[in-house]
Amino acid sequence: MADNTDNRRAIWGVPEKLQLHIAMLTLQFGYAGFHVVSRAALNMGISKLVFPVYRNIIALLLLLPFAYFLEKKERPAITLNFLIQFFFLALIGITANQGFYLLGLDYTSPTFASSMQNSVPAITFLMAALLRIEKVRINRRDGISKVLGTALCVAGASVITLYKGPTIYTPTSNLHAHLLTTNSAASAVLAPLGDAAPKNWTLGCIYLIGHCLSWSGWLVFQAPVLKSYPARLSVTSYTLLFGIIQFVIIAAFCERDSQAWVFHSGWELFTILYAGIVASGIAFAVQIWCIDRGGPVFVAVYQPVQTLVVAIMASIALGEEFYLGGIIGAVLIIAGLYFVLYGKSEERKFAALDKAAIQSSAEHGIERAPVSRGSITAPLLHQSTNNV
């Protein structure tokens, strides 16, 4: 029966499972490009306040029609209480999240910004546990796995922040430098992008930790909002709107140069369009489809692929160097991510068994004590994770 369903959903003879894998790989390339493009934008001198304003305006314009027409019947009436919630969601999930990301990216490199993002599921689990949204069951393998994964992610982030280590790979004698010196066409493309040399490693990692904390906080606090306002696209649209307003207000005080709002080259315009259309628009739609068909764990498993693709792209386009501390930390974080995902997968199996046992007892007229739902509804792997 499952095979028949998969065949019915085949496109041009491609089974749905293969479609999902192709879509997820394409999605990771899109996100990886965003990291590199964002660093290139900063290298070209685009303001860290202007960049997110334009990016979020494009994302809002793309999302607004879908939110308006698709959720017309689901969207509750707007109230002052909802507006206040959207404002604080934007403060955490847009302004703090994207602001810390750009600061951290500017001080470190695209590869390690991507590496740090692998810790978001673990940080989200830790936040949800501290707020008692998610129960920690250390007497079961799912709870042990999530705790161990969180510890590995914290250890990895600490290593990246506190220990830079020696350079173990530099592309100066490889493709990046070779293209710049021998190929005039490639040089014209790569030279304006600058390089990925870090400015202040420790400070940049602290900013990236702030980025991950903001992202996780947004996932945790968005869950109760969506329960009372069950229109995901509309919530995202309102959050983007308030985020734009907040960035504009901050820019009015901190960005006094009017020329910062002007595009000075086609490359600058390209970086803004890529961030808004590809990273926030197309990627958002693809990710929702993949989560709907494959589930949130399936989508999260592909996250480390993005880090690998970023490393290759950044090495070629920006001449990024790799440091021992960053690689050790990235390995620990990725290992922690998979432990957390394994724990979440096991938790779903336990929940399914509990549900089946309750149904069986009900059919036979046997009363059972209610089984705790644990963290089934907790926002550990939220559907909307595209918010860098």
Side-chain angles (χ1 to χ4, degrees), residues 84-97 100-101 116-158 208-230 232 235-236 239 287-288 291 295-301 303-304 332-352 354-355 370-388:
I84 293 172
Q85 293 180 59
F86 298 152
F87 175 87
F88 282 106
L89 278 179
L91 188 63
I92 300 170
I94 301 292
T95 308
N97 180 14
F100 279 131
Y101 168 75
M116 292 288 275
Q117 287 180 353
N118 289 303
S119 65
V120 169
I123 296 173
T124 306
F125 162 70
L126 182 60
M127 280 188 177
L130 291 174
L131 294 171
R132 297 188 177 181
I133 297 173
E134 177 145 352
K135 289 189 177 181
V136 183
R137 300 180 180 278
I138 57 174
N139 60 332
R140 294 192 332 199
R141 61 176 177 267
D142 58 318
I144 295 172
S145 181
K146 287 190 284 186
V147 170
L148 179 59
T150 302
L152 285 172
C153 285
V154 171
S158 300
L208 288 174
I209 290 172
H211 157 62
C212 294
L213 288 171
S214 302
W215 190 350
S216 298
W218 177 73
L219 294 178
V220 170
F221 294 118
Q222 193 183 55
V225 174
L226 286 169
K227 285 183 180 179
S228 56
Y229 198 94
R232 185 178 305 279
V235 169
T236 306
T239 305
Q287 185 169 263
I288 287 179
I291 289 172
V297 174
F298 169 81
V299 171
V301 163
Q303 175 71 20
L332 288 173
I333 289 173
I334 291 172
L337 169 67
Y338 281 122
F339 270 105
V340 171
L341 294 179
Y342 172 77
K344 194 63 183 175
S345 178
E346 289 299 302
E347 182 186 60
R348 290 173 186 272
K349 291 178 183 177
F350 279 117
D354 288 341
K355 185 177 179 181
V371 179
S372 174
R373 288 175 60 83
S375 60
I376 299 169
T377 59
L380 177 61
L381 294 170
H382 200 277
Q383 287 196 10
S384 179
T385 55
N386 172 31
N387 199 36
V388 293

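Note that these values count all heavy atoms, side chains included, but never hydrogens, waters or copies made by symmetry.
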Worksheet item: Can you check whether Lys146's main-chain N or O pairs, donor with acceptor, with Thr150's side chain at less than 3.5 Å?
Response: yes

How far apart are the closest heavy atoms of [X] and [Y], and which atoms are they?
X      : Y      : result
Cys212 : Ser119 : SG-OG, 3.9 Å
Leu152 : Gly336 : CB-CA, 3.7 Å
Gly343 : Ser145 : N-OG, 3.5 Å
Ser214 : Phe100 : OG-CD1, 3.7 Å

With sequence neighbours left out, what residues match [X] under side-chain contact (heavy atoms from CB on, under 4.5 Å)?
X      : value
Ile144 : none
Ser158 : Val154
Ala129 : Val136

Sub-4.5 Å side-chain heavy-atom contact between [X] and [Y]:
X      : Y      : result
Phe125 : Lys344 : no
Phe221 : Gln85  : no
Met127 : Leu213 : yes
Trp218 : Ile94  : no

Rounded to the nearest 0.5 Å, how far does [atom2] of [Y] lie from [atom1] of [X]?
X      : Y      : atom1 : atom2 : answer
Asn97  : Leu91  : CG    : CG    : 11.0 Å
Met116 : Ile209 : CE    : CD1   : 4.0 Å
Leu337 : Leu332 : CG    : CG    : 12.5 Å
Ile92  : Trp215 : CD1   : CH2   : 15.0 Å
Tyr342 : Glu347 : OH    : CD    : 13.0 Å

Discussion item. Tell me whether the count of non-hydrogen atoms from other residues, nucleotides or ligands lying under 6.0 Å of OH in Tyr229 goes above 12.
Written reply: yes

Worksheet entry | Atom CZ of Phe350 with >12 non-hydrogen neighbours under 6.0 angstrom | yes

Worksheet entry | Tyr101-His211 aromatic ring centre distance below 6.0 Å | yes

Practice prompt. Check Asn118, Ile123, Thr124 against Val120 for a side-chain contact (heavy atoms from CB on, under 4.5 Å) and give me the one that passes.
Written response: Thr124

